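Here is the structure we will look at.
Since this is a predicted model, take the numbers as computed values, not measurements.
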Amino acid sequence: MRQFIMFVVFLFMLPVIAVSSEAVHWGFKKASDGRPAEAGAQLDEMLAKYDSFYKGDTKKKVVYLTFDNGYENGYTKSILNTLKKEKVPAAFFVTGHYVDSASDLLKRMVKEGHIIGNHSWHHYDLTTVPSSTVIEEFKSVEKEVAKVTGQKKTKYVRPPRGIFSENVLKTAQKAGYTHVMWSLAYVDWYADQPKGKQYAYDEIMKQIHPGAVIMLHSVSKDNAEALPDVIRDLKKKGYTFKSLDHLAGA
């Protein structure tokens with residue numbers, strides 16, 4: 001008995017290995033000529049450690065289409081129409097504002113087989129708030145999405161502004177969430193600065209690569225107008241579109 005007590009005391013005396021709360025601003029070397037995007041070994045290892053990802057198998061022509069929905073700007077209906085016509089699944093990462101203001105679109109997303117992801121309730125920089133608030137941000141979205149759509153879990157999360165830390169990744173993982181970053185994106189979130197559908201098309205196509213997780217903003221008219229051609233032309237090039245469930249399972 002004495003030896004057991006001493007062993008327990010010893011365990012409590014072991015140093016606690018803290019994880020870093022230093023902010024990481026997501027970034028990577030963009031893909032070109034079909035070569036995949038690369039975030040570097042350090043970020044690759046950090047994401048893998050917490051079952052998170054930003055791209056799939058770079059040897060297979062499978063891509064994953066995702067959208068960030070902070071607010072509705074009138075183009076999500078068009079995006080959903082395109083996805084339905086082309087039979088392409090997508091994931092929509094929504095904020096609390098979007099849940100409150102666009103419930104009909106959320107219902108349609110789920111009804112048509114898309115995944116609703118979690119972009120936090122208030123769109124905070126999650127590295128600046130306590131771990132309890134990080135969980136509250138995700139749980140609040142999850143609860144309201146379930147109430148509106150019946151989708152019980154928003155297991156895929158995306159940090160606002162692409163800012164996270166190892167502590168945020170760990171906190172989310174412990175609560176049952178998976179961080180999904182991206183390997184293809186461009187500056188498309190300034191809704192008042194459209195550059196035309198051709199610009200959006202070119203930005204997407206020049207970065208495309210096998211295993212790409214494509215991140216687009218639904219507020220962009222350019223994205224909504226370019227999406228039909230993007231999908232059709234990628235199919236012609238031999239690409240297929242899969243859901244995040246496929247990527248997570250793989």
Verdict with reasoning, H179 to Y50, per ring-ring contact (aromatic ring centres under 6.0 Å, His included): CA-CA 8 Å; H179 268 75; Y50 299 103; 9.3 Å; no
Criterion side chain to side chain contact (heavy atoms under 4.5 Å, CB included) on Y98 and T76, from CA distance to verdict: CA-CA 11 Å; Y98 198 88; T76 305; 3.3 Å; yes
Residues [X] and [Y]: side-chain donor-acceptor under 3.5 angstrom:
{"X": "N167", "Y": "S165", "value": "no"}
{"X": "T58", "Y": "H209", "value": "no"}
{"X": "D51", "Y": "T178", "value": "no"}

Check for a donor-acceptor pair, side chain of [X] on one end and backbone N or O of [Y] on the other, with a separation under 3.5 Å.
{"X": "T82", "Y": "S78", "value": "yes"}
{"X": "E144", "Y": "D100", "value": "no"}
{"X": "T171", "Y": "S131", "value": "no"}
{"X": "N223", "Y": "H217", "value": "yes"}
{"X": "N73", "Y": "V219", "value": "yes"}
{"X": "T95", "Y": "G70", "value": "yes"}
{"X": "T149", "Y": "V145", "value": "yes"}
{"X": "Q151", "Y": "I116", "value": "yes"}

F67/I214 under side chain to side chain contact (heavy atoms under 4.5 Å, CB included): CA gap, chis, key distance, verdict: CA-CA 8 Å; F67 295 87; I214 303 168; over 6 Å; no
So, are [X] and [Y] salt-bridged, with charged N and O less than 4.0 Å apart?
{"X": "R158", "Y": "D68", "value": "yes"}
{"X": "D188", "Y": "K195", "value": "no"}
{"X": "E142", "Y": "K139", "value": "yes"}
{"X": "K155", "Y": "D245", "value": "yes"}
{"X": "E166", "Y": "K49", "value": "yes"}

Are [Y] and [X] connected into the same hydrophobic cluster when the rule is that any two of I, L, V, M, F, W, Y join if their side-chain heavy atoms are below 4.5 Å apart?
{"X": "L184", "Y": "F93", "result": "no"}
{"X": "V110", "Y": "V88", "result": "yes"}
{"X": "V94", "Y": "L126", "result": "no"}
{"X": "L83", "Y": "I115", "result": "no"}
{"X": "L227", "Y": "Y75", "result": "no"}

K143 charged N/C atom sitting above F138 aromatic ring, 6.0 Å / 45°: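 So K143 doesn't make the cation-pi contact.
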Qualifying residues under side chain to side chain donor-acceptor pair (under 3.5 Å), relative to K77, sequence neighbours excluded: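 None.
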Summary of side-chain hydrogen bond (donor to acceptor under 3.5 Å, both in side chains) pairs that have at least one residue in residues 22-33, sequence neighbours excluded: S32-R35
All N/O donor-acceptor pairs, side-chain side in residues 38-46, below 3.5 Å, sequence neighbours left out:
from	atom 1	to	atom 2	distance (Å)
E38	OE1	K55	NZ	3.3
E38	OE2	K55	NZ	3.4
D44	OD1	Y54	OH	2.8

Please name the pair of heavy atoms, one in [X] and one in [Y], separated by the smallest distance, quoted to 0.1 Å.
{"X": "L105", "Y": "E72", "result": "CD1-OE1, 3.4 Å"}
{"X": "V141", "Y": "S120", "result": "CG2-C, 3.4 Å"}
{"X": "K242", "Y": "Y64", "result": "O-CD2, 3.3 Å"}
{"X": "S183", "Y": "A212", "result": "OG-CA, 3.4 Å"}
{"X": "T154", "Y": "V157", "result": "O-CG1, 4.1 Å"}

Any chance [atom1] of [X] has more than 12 other-residue heavy atoms, nucleotides or ligands included, within less than 6.0 Å?
{"X": "K235", "atom1": "NZ", "answer": "yes"}
{"X": "K61", "atom1": "NZ", "answer": "yes"}
{"X": "Y71", "atom1": "OH", "answer": "yes"}
{"X": "K153", "atom1": "NZ", "answer": "yes"}

Any side-chain heavy-atom pair from [X] and [Y] closer than 4.5 angstrom?
{"X": "M181", "Y": "F53", "result": "no"}
{"X": "E203", "Y": "K206", "result": "yes"}
{"X": "I204", "Y": "Y199", "result": "no"}

Pairwise distance OH(Y156) to CG(N118) - rounded to 0.5 angstrom: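 Between Y156 OH and N118 CG, I get 13.0 Å after rounding to 0.5 Å.
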Spacing of CE belonging to M215 relative to OH belonging to Y186, to within rounding of 0.5 Å: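 The CE atom of M215 sits 10.5 Å away from the OH atom of Y186.
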